[in-house]
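Model, not experiment: these values are computed from the prediction.
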Amino acid sequence: MRGFHCVDPSHDRIEFTGADDEELFQSIKAHTADAHPQLTDSQVREMMAGAAWWKEMATSGNNAGSSPSAYDK
């Protein structure tokens, strides 16, 4: 089981899970389509992988405290 959480000032913490990365991606993508439409599929996948881009975003400005990566549950 894979997990990820979204913490954004515009909403409470939201937990996502999936049997694998693709199922997790689909769950996150459904959320971002409404709550974070500026995020591309590539950015969502980078966030899941904990890419350098997301690590910086998750530790700066309004995004501080956001999820740095997907994790195993």
Side-chain angles (χ1 to χ4, degrees):
M1 180 70 68
R2 299 285 287 155
F4 189 84
H5 61 267
C6 179
V7 179
D8 187 89
S10 67
H11 58 68
D12 292 331
R13 178 183 171 123
I14 301 172
E15 296 283 335
F16 303 96
T17 59
D20 55 27
D21 280 345
E22 190 55 34
E23 187 175 295
L24 179 61
F25 170 77
Q26 294 302 326
S27 178
I28 296 168
K29 189 62 185 160
H31 166 68
T32 62
D34 290 327
H36 312 287
Q38 75 281 8
L39 293 175
T40 66
D41 288 1
S42 294
Q43 288 171 320
V44 172
R45 290 189 188 279
E46 287 174 1
M47 291 187 310
M48 289 173 56
W53 174 88
W54 183 246
K55 287 181 183 176
E56 169 140 357
M57 291 295 290
T59 57
S60 64
N62 290 337
N63 294 309
S66 299
S67 298
S69 63
Y71 52 84
D72 290 321
K73 285 192 94 106

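Arg45 is not listed as a side-chain neighbour of Met47, based on a closest heavy-atom distance of 4.5 Å or more.
The line from CG of Asp21 to CD1 of Ile28 is 9.0 Å long, rounded to the nearest 0.5 Å. Put simply, CD on Glu23 and CZ on Arg2 are 12.0 Å apart, with the number rounded to the nearest 0.5 Å.
Looking at every heavy atom in both residues, Ala33 comes nearest to Pro37 through O-CB, 3.8 Å. Here the closest heavy-atom approach between residue Lys29 and residue Thr40 is recorded as NZ-C, 4.4 Å. Residues Leu24 and Met48 share a closest heavy-atom pair of CD2-CE, 3.9 Å. Closest approach of His36 and Cys6 over heavy atoms only: NE2-SG, 3.5 Å.
Listed by chain and residue number, His11, His31 satisfy the side chain to side chain contact (heavy atoms under 4.5 Å, CB included) test with Ala35 (two or more places apart in sequence, or in another chain).
Summarising the local packing, CG of Asp20 is surrounded by more than 12 heavy atoms from other residues, nucleotides or ligands at distances under 6.0 Å.
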